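Since the structure is predicted, the reported quantities are computational estimates derived from the model, not experimental observations.
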Amino acid sequence: MRLKTIVISLLLVGTGFCCAQAQNKNVNKAEDDLKSGKLDEAKQMIDQASVNEKTSDKAKTWYLKGEVYAAIAKKDSTHTIKPDPKIAAFQAFQKCLQLDPKYPSMLLTNYKPLSDLYVDFWKDGANAFNAKDYANAFQAFKHVKTVNDYLFGLGLGMGSKIDTMAILNIGNAAYNLGQKDTASKYYQQLADINYKKEAFVYKVLLAQYRDKDSTKYLAVLAKAKSLFPNDKDFANEEISYYNEKGDMGQLVKKLEEEVAKDPSDYNGVLNLAITYDNMANPKTDSGTTADLPPNHDSLFSKAVSYYKKAITLKPDGYAANFNLGLMYYNSAAHLGKQLGKLTTSKADQAKQDTLIKKQTALLDGATPYLEKAFQSLDAKSKLDPSELAAYKNAIIGLEGVYARQNKMDKYNELKKKLEAADTKAQ
């Protein structure tokens, strides 16, 4: 009885030994097939070995699997094999190092199999991006980042703590796919480290945050202005933001800063003049003139000053001339409304004389600027919509001035110009 038991035990041990030997032969056969370029056979052998309990816990099995799949990936340049064998190769190399962090073949090659995969994923991403295949570019660049992060995590001086180019290209691919939220996620990672090679990154973030998260928006805006001091887009973005929010104090402050930085910037000076003009002469929601603010005279004076600076910078520019002339003209019209409300009382008659003098001075002030704007625009054969609107308004304003001055020849000339104005439309 005991003898039979011993024999059976020996037979069982022998069966296990034979099985292990068979699986080891699969590993060895896969290695030989790989060297011979028989990749299909090598894949079949190593796939069996990697799922067998006798060899699936061996670092060599997984290293060899990585080598086989990496070779398949290089041979299959058209990427017809799914899933991507490079991913399988990377996962196999990871498993190898998990089982044996000092696996000799990895050490001797200075982890070249992994760095080769990094390069291959880069090529895939670049080729896909250039072909406008942004979905595959997105995935490939994500694999680039994954391999880099793994290499860096080994603590052997490989890879980068933050692979900025991989992150940038992941974001770019997502942006081109129309996935703005995903792109912003990666762009924000770059902003967090003060990345300053691409201003576009910050412009996308500002567009994403502007109406969603004012705290993030202002933080990114401040950083962008610091990193790209010569990019006027960020200054204009800030001005637009405060203008939209109706925060006139901050708006004026930012505009003043930009003008102080570059006093020769016509657009900056003109924007500041327009802002003071709007503050001095506010409008209701319906577009009519609102009550004048208590500091109207001070704001009006600043608007005049900056309009004149803009005209000095560009004497023939219609915008500053037209806006200054219109501001004077509208102020005269505002006084006209006050005159219309006066009674025949002695006090009101005395007030009337004062208001008339002010109105005349304002109209006299408006005339040369409206004339300059009219002349600049009349010299053009075609006008865009904003130019055409200014052209018509300049004529209407001058008609009022000339009628008041009884210069009917000029009035009639302008009347004809107004009737033919639409022929200048683009």
- [ ] Identify, with sequence neighbours excluded, every residue that meets ring-ring contact (aromatic ring centres under 6.0 Å, His included) alongside Y411.
- [x] none

Task: Distance (rounded to the nearest 0.5 Å) between L205 CG and F200 CZ - done: 10.0 Å

Open item on the list: Can you confirm whether L251 sits close enough to I239 that some side-chain heavy atom of one is under 4.5 Å from a side-chain heavy atom of the other?
Closed with: yes

Task: Pairwise side-chain contact, K216 with S184, heavy-atom cut-off 4.5 Å (strictly under) - done: no

Task: Student check: side-chain heavy atoms of I46 and E67 closer than 4.5 Å - done: no

Open item on the list: Counting neighbours of NZ on K223 that are heavy atoms of other residues, nucleotides or ligands and sit closer than 6.0 Å, is the number greater than 12?
Closed with: yes

- [ ] Using the ring of Y175 (Phe, Tyr or Trp, six-membered ring only), decide whether K180 places NZ or CZ under 6.0 Å from its centre and within 45 degrees of its axis.
- [x] yes

Task: P282 versus P293, closest heavy-atom pair with distance - done: CD-CD, 3.7 Å

Task: Side-chain (N110) to main-chain (K112) donor-acceptor, under 3.5 angstrom - done: no

Open item on the list: Does any part of the side chain of L221, heavy atoms only, come nearer than 4.5 Å to the side chain of Y209, both counted from C-beta?
Closed with: no

- [ ] Check for a donor-acceptor pair, side chain of T61 on one end and backbone N or O of D57 on the other, with a separation under 3.5 Å.
- [x] no

Open item on the list: If you count heavy atoms of other groups shown closer than 6.0 angstrom to CG of N194, is the number above 12?
Closed with: yes

Task: Sequence neighbours excluded - side-chain hydrogen bond (donor to acceptor under 3.5 Å, both in side chains) pairs with any residue from residues 158-174 - done: Y118-D163, N172-Y187

Task: Test salt bridge (Lys or Arg N to Asp or Glu O under 4.0 Å) applied to K424 - qualifying residues, sequence neighbours left out - done: none

- [ ] Check whether any side-chain N or O of N412 sits under 3.5 Å from a backbone N or O of M408 as a donor-acceptor pair, and report yes or no.
- [x] yes

Task: Flag, side chain of N321 to backbone of D316, donor-acceptor distance under 3.5 Å - done: no

Open item on the list: I need the Y111 OH to L151 CG distance, nearest 0.5 Å.
Closed with: 10.0 Å

Open item on the list: I want to check a possible cation-pi pair here: K58 against Y63, using under 6.0 Å from ring centre and within 45° of the ring axis as the test.
Closed with: no

Open item on the list: Looking at K351, I want to see if its NZ is surrounded by more than 12 non-hydrogen atoms of other residues, nucleotides or ligands under 6.0 Å.
Closed with: no

- [ ] Return the set of residues passing salt bridge (Lys or Arg N to Asp or Glu O under 4.0 Å) with K302 (not counting sequence neighbours), or none when no residue passes.
- [x] none

- [ ] Apply salt bridge (Lys or Arg N to Asp or Glu O under 4.0 Å) to D378 and list each qualifying residue two or more places apart in sequence or on a separate chain.
- [x] K417

Task: Heavy-atom donor-acceptor pair, N295 side chain to S298 backbone, under 3.5 Å - done: no

Open item on the list: Show, in sequence, the C-alpha distance, side-chain angles and deciding distance for F90 and Y150, and conclude whether the ring pair (Phe, Tyr, Trp, His ring centres under 6.0 Å) test is met.
Closed with: CA-CA 10 Å; F90 174 61; Y150 180 73; 5.6 Å; yes

Open item on the list: Just checking K203: does its NZ atom have more than 12 heavy atoms from other residues, nucleotides or ligands closer to it than 6.0 angstrom?
Closed with: yes

- [ ] For K314, enumerate each residue passing the salt bridge (Lys or Arg N to Asp or Glu O under 4.0 Å) test, keeping only those at least two apart in sequence or located in another chain.
- [x] none

TODO: State, yes or no, whether a side-chain contact exists between M165 and F141 at a heavy-atom distance under 4.5 Å.
DONE: no

- [ ] Determine whether more than 12 heavy atoms belonging to other residues, nucleotides or ligands lie under 6.0 Å from atom CD of E53.
- [x] no

